[in-house]
Amino acid sequence: MPRACQIKIDKNALINNLNIVNHYAPNSGIIAMVKANAYGNGLSIVASALEGKVSAFGVACLEEALMLKACGVASEIILFEGVFSQEEYQEVQAKKLTVVIHNHKQLNELLSMPLGKKQKISLKVDTGMHRLGFNPSEIMDIYHTVKSCKWVDESITVMTHFCCADELENPQTKEQMALFYKHLKGLNAPMSLANSAAIVAWPDAHADYVRPGIMLYGASPIATLDAFALGLKPVMNFYSDVIALRDISPNETVGYGSIWQAHRQTKIAVVACGYGDGYPRVIKDNTPVFINENFAPIVGRISMDMLTIDVTDLPGVQIGDKVELWGEHVAIDSVAKAANTTSYELMAKITARPQREVV
Ligand SMILES: Cc1ncc(COP(=O)(O)O)c(C=O)c1O
């Protein structure tokens with residue numbers, strides 16, 4: 001029997017979450033963001049579940065796009081960081097991929113080398129994130145330049161990305177939108193602005209295409225809103241088993257660094273899951289797991305292969321009992337908060353070690 005640490009990927013939850021995206025943005029096409037191995041959920045599983053149900057898939061780079069192609073994806077695939085060298089156009093053209101053009105180097109490379117086939121591109125405008133994108137004041141000129149280029153496909157989506165859409169009181173999202181719409185006024189081109197947070201909270205940003213990532217995977221895009229309350233269901237369910245039980249006397253300690261000390265006669269269950277599987281090493285004491293229809297607190301340091309929980313108040317726990325680290329009962333957002341990080345990071349940092357099952 002293999003080690004019990006396991007990720008269950010719930011395809012029905014993924015489809016449920018896609019429906020929630022459709023509910024919030026009923027008039028927009030959907031670009032499903034599947035970069036970084038579909039946020040750790042598994043590219044081929046996610047792509048096969050969403051193929052035919054979304055307008056396009058979003059990845060960071062050519063290598064990820066080729067993986068999607070190898071999964072049999074026929075939908076449009078967009079490279080959100082674009083190409084890193086002119087040579088990549090050979091493969092980009094062969095596989096009919098769409099590239100984002102976000103800086104002058106990419107723009108010059110695109111325009112300076114005639115391409116054999118019409119190349120689909122998307123232009124990125126920097127309205128405040130200040131990572132990728134052209135200045136708003138130059139975007140119209142750039143748009144018309146690429147539009148008149150013989151080897152550029154005439155349907156050019158123009159997009160931007162929000163830096164604070166998850167902060168409902170922050171005026172910056174409205175300012176970014178205003179800047180975007182002001183500089184593109186009168187342009188008859190498809191537009192795309194909204195990530196998950198903007199899909200939920202900023203309907204004026206929905207435009208022609210929305211780009212959900214985290215909400216597709218069932219975590220909340222907004223810290224103050226609960227994923228379950230938004231109707232989202234966890235796609236990634238992280239489980240393992242109890243592999244040992246210990247009786248600990250008052251004043252004895254548990255785990256590396258002896259950071260946790262028993263104050264009463266304590267029953268400790270050892271769970272086969274650690275940071276080598278993707279559970280965060282630094283986590284607040286008493287972060288819950290779910291076992292035998294109850295919550296039990298994590299105590300002591302998370303080690304590479306194991307973590308320890310206090311089951312004193314749950315009589316009957318046995319070796320072999322199933323433990324949910326996050327999923328249906330323990331929201332990944334709550335674990336992320338206890339680890340002082342985000343659900344994005346937790347999902348993306350799941351390692352190759354847990355077994356994977358699709359349900
Ligand atoms: C350009 C772009 N659009 C959309 C998304 C999706 O964001 P989220 O996962 O917050 O929905 C990302 C993710 O970082 C992104 O880089």
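Heads up: numbering here begins at 1 and tracks the sequence. The analysis underlying the following values was restricted to heavy atoms, covering all of them including side chains, and did not include hydrogens, waters or symmetry mates. Just follow the structure's listing: the first ligand is 1, and inside any ligand the first atom is 1.
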(message) Check whether F80 forms a cation-pi arrangement with K35 (NZ or CZ under 6.0 Å from the six-membered ring centre, at most 45° off the ring normal).
(response) no
(message) Applying salt bridge (charged side-chain N to carboxylate O under 4.0 Å, His left out) as the test, list every pair that has at least one member in residues 169-185; sequence neighbours left out.
(response) none
(request) Under the side-chain contact (heavy atoms from CB on, under 4.5 Å) rule, collect the residues that match up with I139, sequence neighbours excluded. (result) L123, V125, F134, V158, H183, L184
Distances under 3.5 Å, N/O of ligand 1 against N/O of the protein: list each pair and its distance.
from: ligand 1; atom 1: 3 (N); to: R211; atom 2: NE; distance (Å): 2.9
from: ligand 1; atom 1: 3 (N); to: R211; atom 2: NH2; distance (Å): 3.4
from: ligand 1; atom 1: 9 (O); to: Y39; atom 2: OH; distance (Å): 2.6
from: ligand 1; atom 1: 9 (O); to: I214; atom 2: N; distance (Å): 2.8
from: ligand 1; atom 1: 10 (O); to: Y344; atom 2: OH; distance (Å): 2.6
from: ligand 1; atom 1: 11 (O); to: S196; atom 2: N; distance (Å): 2.8
from: ligand 1; atom 1: 11 (O); to: S196; atom 2: OG; distance (Å): 2.5
from: ligand 1; atom 1: 11 (O); to: G213; atom 2: N; distance (Å): 2.9
from: ligand 1; atom 1: 14 (O); to: K35; atom 2: NZ; distance (Å): 2.8
from: ligand 1; atom 1: 16 (O); to: K35; atom 2: NZ; distance (Å): 3.1

(request) Could you pull out all residues at least two apart from Q6 that satisfy side-chain hydrogen bond (donor to acceptor under 3.5 Å, both in side chains)? (result) E357
(request) Without swapping roles, check the side chain of N294 against the backbone of I291 for a donor-acceptor pair under 3.5 Å. (result) no
(message) Nearest 0.5 Å, please: how far is NZ in K69 from NZ in K95?
(response) 8.0 Å
